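Note that the coordinates shown come from a computational prediction; the quantities given were computed from them, not determined experimentally. Numbers restart at 1 for each chain; the letters A, B, ... are given by sequence-line order, proteins then strands.
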2 protein chains.
Amino acid sequence: MYVTLISSTDAHEGPLFTPEKPPARPNLGCARFLPAGANLFREGDEAQFLYEVRSGVLRLTRVLENGKRQVISFGYPGDFVGFPDGDDYHTDCDVIASAELIAYRRSALESGLGDDLTRRRLLDAALREISGMQDHFMMLARKSAIEKVASFLSVLAERIGLRTGAVTTLDLSMRRTDIADFLGLTTETVSRTLTHLRKKGVISIENAHTIVIRDRSALADAAEME
Amino acid sequence: MYVTLISSTDAHEGPLFTPEKPPARPNLGCARFLPAGANLFREGDEAQFLYEVRSGVLRLTRVLENGKRQVISFGYPGDFVGFPDGDDYHTDCDVIASAELIAYRRSALESGLGDDLTRRRLLDAALREISGMQDHFMMLARKSAIEKVASFLSVLAERIGLRTGAVTTLDLSMRRTDIADFLGLTTETVSRTLTHLRKKGVISIENAHTIVIRDRSALADAAEME
DNA sequence: CGAAAAATTGAGAAAGGTCAACGGCTGTGG
DNA sequence: CCACAGCCGTTGACCTTTCTCAATTTTTCG
């Protein structure tokens, strides 16, 4: 189960949840189930494990002493979370939608003990993380509120949206505050922007957490995607 | 020389330039000298090498098709640049101040051929990169213009500033445009903010590229540092 | 020394933040 | 099962910050 998933080359494109056969090497990683609202680790905790998300959604946040909060990323199936800085985690990690995780002992991965394939996958995940963060920079620094929200919805739709005919349904597990803190906006602006997109017919809002994308290309235009 | 530098555990805290003894394993990395203005690689180029900065300053940029530019980071001595995304570079890299680099063949680092120490250092550099980028997120998303500029100067002063008595002299090798594109501001705002700090007596501006920090704690306050 | 590029400064405009009020969903206890 | 409390999301009015456009000064480099 774990090994099969581990060997997938591009986890970012992977399916949301694919049950697999039992692990060939169960000692490498072990499964954990966590309910929404649970805390996985906090900034400054000793980073004993690195986690791979199997299902559910995680949220990585960082807080300034003045209370300002930044959501660094959301962890979806296929993502790795818990890259340490030195020996410690450098973000908080909380469960947004109840999740199944695979925990890897850092020591096993980093020392010569871990197998080459897993180590290679760890490095790949770290490099992909860097690349993804660079995209996020453009978002934070150089996009307007509409572009930010549209980008966010586009990327998420690509990743976890359910296509039904011409339409894509998107389950936003996170709150408006989380989206705002991810995009560097306020909840009010996120809300206003969603309303704006709704009034333009690009999306419709079934309920606060379910968004239907009616016009993908209009959304992509609004996002000024690469 | 190269190997000794390679084995330093925390290059981010290291001295600017420390001459060392000749390499014990010269085939691992080889030196390159590049003048200011040179291009090291472009987004999309095949990532054959990973570079370690020995001296000088590099600039990593990303450009949106609409022309908007984001400076992802500046590469100072001790930094690694050129982490690939898949097989390609995902940023442009240009030389801002003439630089000496050490080029490592990616293939040697990533395959089982590279030695454990070097691979470990590569992973460490990648993890440190991730951590540094997370700090940059707070900067881009949650700080005002003054906080951004003050943070930028503070961090740079810590890293490459020359202390002379109570005062720290800082050589900004980059243009205002580069600073602006790094901080997610316009050149005008960067300029106005520097003037503001100058009028408050926190800094003085010897010339456009030489800044003297007169009041470190006032600068740190303005930066709202962690 | 002079032309071109970079930096500074100013005035006005726009985007987004702040503050405040309201609406709607959820979960709990009577 | 209903009423109500509390949180979340939405909307509106206003204000602050930063951007934009333009003019001027300074620096760089041939």
Side-chain angles (χ1 to χ4, degrees), chain A residues 35-37 59 66-71 96-97 139-153 170-200 203-211 222 224, chain B residues 35-37 59 66-71 94 96-98 139-153 170-200 203-211 222 224:
Chain A
R59 182 190 61 203
N66 61 13
K68 287 175 184 170
R69 196 181 74 137
Q70 174 67 29
V71 172
I96 281 182
M139 178 108 112
L140 288 175
R142 293 283 171 229
K143 290 193 175 186
S144 67
I146 295 175
E147 289 168 349
K148 285 176 178 180
V149 172
S151 301
F152 178 72
L153 294 178
L170 195 56
D171 170 57
L172 297 177
S173 325
M174 70 288 291
R175 304 187 187 306
R176 294 288 186 270
T177 310
D178 294 327
I179 299 173
D181 286 345
F182 181 68
L183 298 177
L185 298 170
T186 58
T187 53
E188 291 94 329
T189 301
V190 171
S191 189
R192 271 187 265 267
T193 306
L194 286 171
T195 302
H196 174 81
L197 288 169
R198 178 174 58 73
K199 285 185 177 164
K200 287 225 161 187
I203 63 172
S204 56
I205 303 176
E206 303 296 290
N207 62 62
H209 294 278
T210 309
I211 305 254
E224 290 227 36
Chain B
R59 182 191 60 205
N66 60 12
K68 287 175 184 169
R69 196 181 73 137
Q70 175 67 29
V71 172
D94 299 278
I96 281 183
S98 57
M139 180 107 111
L140 288 175
R142 291 285 172 227
K143 291 193 174 187
S144 68
I146 293 175
E147 289 168 350
K148 285 176 178 179
V149 172
S151 301
F152 178 72
L153 294 177
L170 196 56
D171 171 57
L172 298 178
S173 325
M174 70 288 289
R175 305 188 187 303
R176 295 287 186 271
T177 311
D178 294 327
I179 300 173
D181 286 344
F182 180 69
L183 298 177
L185 299 170
T186 58
T187 54
E188 292 95 328
T189 300
V190 171
S191 189
R192 271 188 266 269
T193 307
L194 286 172
T195 302
H196 175 81
L197 288 170
R198 178 173 59 72
K199 285 184 177 165
K200 287 224 162 190
I203 63 172
S204 56
I205 304 176
E206 303 296 290
N207 64 63
H209 294 277
T210 309
I211 305 249
E224 288 229 33

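For Asn207(A) and dT10(D), the CG to P distance is 10 Å, given to the nearest whole Å. Atom CD1 in Ile96(A) sits about 13 Å away from atom P in dC8(D), given to the nearest Å. Protein atom CG of Leu183(B) is 15 Å distant from nucleotide atom C1' of dC19(D), rounded to whole Å. One atom, CD of Glu206(A), and another, P of dG9(D), lie 17 Å apart when rounded to the nearest Å. When rounded to the nearest whole Å, the span between NE2 of His196(A) and P of dG12(D) equals 14 Å.
The NZ atom of Lys148(B) sits 9.0 Å away from the OG1 atom of Thr189(B) when rounded to the nearest 0.5 Å. Between Ile146(A) atom CD1 and Glu224(A) atom CD the span is 11.0 Å, to the nearest 0.5 Å. In this structure, CD on Glu188(A) lies 11.0 Å from OG1 on Thr193(A), to the nearest 0.5 angstrom. Leu172(B) CG to Asp178(B) CG: the interatomic distance, rounded to the nearest 0.5 Å, is 10.5 Å.
Taking the side chain as every heavy atom from C-beta outward, Leu170(A) and Ile203(A) never approach each other to under 4.5 Å.
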Legend entry - Letter per nucleotide, 5' to 3', of nucleotides 3-16 of chain C [B base touched, S only sugar-phosphate touched, - untouched; heavy atoms, 4.0 Å]: ---SSBBBB----S
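For Met139(B) against Phe182(B), the heavy-atom pair with the smallest separation is CE-CE2, 4.1 Å.
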